[in-house]
Amino acid sequence: MVPRPKPKLAKAKRGVLGVSTAHAMLGIVAAVVAVYVFAQTGSSAGGNQPGEPPARCADADSNCPEWAQQGECNINRAYMHRRCALSCGICVDHTRPSASARSTTDRRFMCERDPAERPTLAPGTMGQVFREAVANFPQYAPTVHSTDPWVVTFDNLLSPAEAQRLFELGAKTLERSASVAGLDSTGNFKKAVSDVRTSANSWCLDADCSTDPLVRQVTARIASITQSDPKAFELYQVLRYHPGEYYRVHHDWVDAHTQFPFGPRVFTFFLYLSDVTEGGGTSFPELNITVMPKLGRALWWPSVLESAPDMQDGRTTHEAQPVVAGTKKAANVWIHLFDFMTPYSKGCAP
Ligand SMILES: O=C(O)CCC(=O)C(=O)O
Ligand SMILES: [Fe+2]
C-alpha cells in the first residue's frame, strides 16, 4: 500500500476524482491545446492555487500514478498539481515523440477553439436554465430535488421502448469499466481496472449507434431541455450493473478536460434504462439526496458552479450504490462547456 502524499491538505471533502468517467477508450493523441496552454502560461489550467510555482509537466514522486488513481489529485489538489502534474493529467509533455507527431503550429491551429464560440452556460445563468426546463417540459414529469446546487429528475424522459432500444444500440461492446487518472505522457487517458467502479460500460461510438435516429431524437430532447448545443455532448456512455456492482463516490469533473477546446463537463444528464428490483440508487452524499433507478427516468445535475461554469462544484459528488437484485442499465450523457464533437472528430480529444 503506497502511503498518501504529504503534506495532507485537508481541503474540502471531495471523494475520488471522476476517474472512470474519462474517455479512456478513445485513445487519440490530443496534446495540442494542453501544449498550447502550457506553453502560453507555463502552468496548468487545471487549478494551481494563486502564488504557487507553476507545475512542471512531470511527476516528482514515483508514487504519483498510484496517488492519482486514489483520487488525491482532487483531495490534495495543490500539492498533487505541483508534484504530480503528469499523473494528474493537468499537462502533457510535448517533448515526447507521439505528442510531436505534427508540428506545433499545425496542432495549435487545428485544435484551437474559435474565440467567438458561445459557451453552454454563461456565468449566472444556470438557475434560469433549470427553472425554464422545469416549467417548460411538464410532459417529462420533472421533480426538483435541490436548487443549490440544482438536482432535477424527469420521470418520463424516455418511453420504455426508447430506453430499451437505447441500451441495445449502445451496449454492443460492454466491458468492465476502467478507472482513469489523468493523462499519460502522450496525451492519452491512463486506464486501469479498479474497485472504485465495478460495472461494465460501452460507448455509443459506431455509426449504428451515434447516428441512429433514436439517439439523435433523444439528443435533441436533452439539448432543448438543457438549452445546450448537441455538439457539446460527449458520446453516450452506456452502463450495466449486475448485483453487487457499484461506482464509489466520485465527481464527473475531469481536470484534464479544462485543457482541451471543449472545456469541462458542465452537466450530467443521466438516463435510467431499466427498473432495478433492489438497490442501485444514485446518491449525493453532500446533499442527502438519493434517486432510485426507474425505466425512462432522467437525473440532471451540474458539475460546475453557477457563478463560474468553468469551475468545479464539489457538492455534486455522487455514487452508484450497489445493485442488490436485478440488473441496472443506464447511460451517461455529459454536456461540455463548449463544442465537443468538432475537436473530437479532428483527433483533438483524449
Ligand atoms: O450509476 C449511477 O447511478 C451513476 C453513475 C455515475 O455516476 C457515472 O457513471 O459517472
Ligand atoms: Fe458520475
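In each ligand, atom 1 is the first atom listed, and ligand 1 is the first ligand listed. Basis for what follows: all heavy atoms, side chains included, without hydrogens, waters or symmetry-related copies.
- Taking the centre of each ring, Phe269 and Trp334 stay at or above the 6.0 Å mark.
- When atom types are taken as modelled, the side chain of Glu306 and the backbone of Gly127 share a donor-acceptor pair closer than 3.5 angstrom.
- In the candidate list Phe270, Tyr247, Tyr246, Phe270 is nearest to atom 4 (C) of ligand 1, counting heavy atoms.
- In summary, the atoms of ligand 1 found under 4.0 Å from a heavy atom of Lys328, numbered by their order in the structure, are 1 (O), 2 (C), 3 (O).
- Remark: the backbone N or O of Met292 is paired with a side-chain donor or acceptor of Arg297 at under 3.5 angstrom.
- When only interatomic distances are considered, the shortest N/O to N/O separation between Gln237 and ligand 1 does not fall below 3.5 Å.
- Relative orientation of the Phe260 and Phe262 rings is parallel, given thresholds of 30° and 60° on the angle between their planes.
- Heavy-atom proximity to Arg197, at under 4.0 Å, picks out these atoms of ligand 1: 9 (O).
- An N or O contact shorter than 3.5 Å links Asp252 to ligand 1 by distance.
- Sorting the N, O or S atoms of Asp252 by how far they are from the Fe ion (ligand 2) puts OD1 first.
- Remark: ligand 1 and His318 share an N or O pair separated by less than 3.5 Å (distance only, no angle test).
- Heavy atoms of Leu239 found under 4.0 angstrom from ligand 1 belong exclusively to the side chain.
- Distances between N or O atoms of Asn332 and those of ligand 1 include at least one value under 3.5 Å.
- By the 3.5 Å distance cut-off applied to N or O atoms, Trp334 is not counted among the residues near ligand 1.
- Scanning for side chain to side chain donor-acceptor pair (under 3.5 Å) contacts around Asp114 gives an empty result, with sequence neighbours left out.
- A donor-acceptor distance shorter than 3.5 angstrom exists from the side chain of Arg265 to the backbone of Asp252, with no hydrogens or angles considered.
- Among the atoms of His251, no N, O or S atom falls under 2.8 Å of the Fe ion (ligand 2).
- The aromatic rings of Phe130 and Trp300 lie parallel to each other, with less than 30° between the two planes, well short of the 60° mark.
- At a threshold of 4.5 Å between non-hydrogen side-chain atoms, the residues Leu169 and Val215 count as touching.
- Residue-ligand proximity: Tyr272 is placed with every non-hydrogen atom at 4.0 Å or more from ligand 1.
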